[in-house]
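Below, read A as the first sequence line, B as the second, and so on, with proteins coming before strands; counting in each chain starts at 1.
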Number of protein chains: 2
Amino acid sequence: MSARQDVGVNTSMEGHELAAWAKMLADATRATVCLALLDGRAWTATELAKRAGVSRPTISEHLNLLVDGGLLTEVRQGRHRYVKLAGPDTAELLEDLAALAPRRTEDVTNLSGASKRGAFARARTCYDHFAGRLGVALTDAMTDRGLLDWSSGVALTPAGVNWLDELGVVVEARRGRPAVRSCLDVTERRPHLAGATGAALCTHALRQGWVTRIPGGRALKVTGSMEGFGLPAGVMLDLLSRS
Amino acid sequence: MSARQDVGVNTSMEGHELAAWAKMLADATRATVCLALLDGRAWTATELAKRAGVSRPTISEHLNLLVDGGLLTEVRQGRHRYVKLAGPDTAELLEDLAALAPRRTEDVTNLSGASKRGAFARARTCYDHFAGRLGVALTDAMTDRGLLDWSSGVALTPAGVNWLDELGVVVEARRGRPAVRSCLDVTERRPHLAGATGAALCTHALRQGWVTRIPGGRALKVTGSMEGFGLPAGVMLDLLSRS
DNA sequence: GGGTTGATTAGGTGGGCGCCGAAGTGTCGG
DNA sequence: CCGACACTTCGGCGCCCACCTAATCAACCC
């Protein structure tokens, strides 16, 4: 019994901390803010207030809470307050949550309707890498060409490393961040490529002008043929349509 | 502006779902319950009430909420209600959260005190695999012997597959579950081995009697030399002490 | 300086919910 | 059958907190 008590005290304190952390996301307004910030950019308080549909004072308090909790970081510039996600690990955790959470309550077939046909589902960013049909297609193409190895988890093959090199993609390896990582796509319900390499590919494509951001959201517009990525012609036709 | 509105509506609905999910963990009592269930076993309502320090009616409501939310599953047997975590993916998400959440608020050096010296820090389960110094040491030993490849993410080498085979460890591959996975150790703050292989090794050691559970918690008592695991003598000395 | 805009503070309101004690339902044992 | 036990339902209390309006502060622009 004393052993149980000892462990009990320890774990119950952990419980408080976990709860305090989860409380940051346990509000619809704050959750909306965090998901909006998954585009990886910095937003002003007023922009977020509009997006979440609440008043400015309300969003101000929420942002205080999220910044104090370490989920967001802020930069003050003049009369503007810019906030963004604290870092890649925070973003990846959010992605996991966002992907896993609705799986239980929502019927997957619901997505086969209108949301499957928007620009959002076609191509978008997921914090700092590609998602949507573009993200999944790129991941599939890389797999088909032997650049990725999925035998256990996901890994970059030697051929994959060469390919990135030849493409001129510089992968910045930050401490503790895996080179490649699997991220569950919310619309496709299949994994796409994340991690440092996923981010580097996204940055590369944006810099090359192959894709551009559609203002006001995470959606992307595909403008180039993205030859370097080796996507099948059929996929490209889909991605370029209605743009 | 209309584009923003379109995306806004979509994302704000996602926000509601994410918030609803996070709300399940956003209470100290429920968080404590979930962390307790990380031992991978089924608990009765009364046990959890004691652990969390609340009355039976209170825990009953919390369990309803968690089961309805899909985080837990329940089995009714006679007058008992057993609950456990819904599955490995749920457990792994919880581990990630529990590992990441306190990192921001709590000073790492806090852990160098009493908690470093308990059985909990020495050897324990993390849902279905090893954690604590045992978990990290086993992972290190496997890495040193070329059984794991950490060049990008973590993967099992061919030698690793052979080793498992010779050890007689059967890894059950379930759909969508990676063979190996990295899991951040809460006390050691370093990764240890999880995934299907991690679970199989833990099951194997328990079945062989190399380790036994200390009742009332996740802590383990190391009883055998665990020759098959190839742990250094110094580590074994530490793990066996005070048992 | 005066007007505009972004952000914050203060004050007040309402709803949600975590908690308990008491009473009720079902299950097991003698 | 009749207690003992595990659990649930009910009613009510009290706190927390998300929200708004109004007012204030601060930065930018003419």
- prompt: Does the side chain of Tyr127(A) come within less than 4.5 Å of Asp39(A)'s, by heavy atoms?
  reply: no
message: Tell me every residue that passes side-chain contact (heavy atoms from CB on, under 4.5 Å) with Thr203(B), counting only those two or more places apart in sequence or in another chain.
response: Arg207(B)
message: One character per nucleotide, please: for nucleotides 10-23 of chain D, 5' to 3', B when the base has a protein heavy atom closer than 4.0 Å, S when only the sugar-phosphate does, - otherwise.
response: --------SSBBB-
- prompt: To the nearest angstrom, how far is Leu63(B) atom CG from dT9(D) atom P?
  reply: 12 Å
statement: Arg81(A) atom CZ is separated from dC28(D) atom P, nearest whole Å, by 17 Å
field: End-to-end axis angle, where each axis spans five pairs of the helix from dG1(C)-dC30(D) to dG30(C)-dC1(D), to 10°
entry: 30°
task: Before giving the answer on side chain to side chain contact (heavy atoms under 4.5 Å, CB included), spell out for His62(B) and Asp27(B) the whole-Å C-alpha distance, their side-chain angles and the decisive distance to 0.1 Å.
output: CA-CA 9 Å; His62(B) 284 307; Asp27(B) 172 80; 3.6 Å; yes
query: Donor-acceptor pair under 3.5 Å: do we get one between Arg79(B)'s side chain and the base of dA6(D)?
result: no
query: Which whole-number value in Å describes the distance from Glu74(B) CD to dC7(D) C1'?
result: 11 Å
field: Ala205(A): partners by side-chain contact (heavy atoms from CB on, under 4.5 Å), with sequence neighbours left out
entry: Phe130(A), Trp210(A), Val211(A), Phe229(A)
message: Reading DNA chain C from 5' to 3', where do the contacts with chain A start and stop? Cut-off is 4.0 Å to heavy atoms.
response: dT4(C) to dT9(C)
Non-neighbouring partners of Lys84(A) that pass side-chain contact (heavy atoms from CB on, under 4.5 Å), sequence neighbours left out: Ala42(A), Thr73(A)
message: Under a 3.5 Å threshold, yes or no: a donor from one side chain and an acceptor from the other, between Thr32(B) and Thr29(B)?
response: no
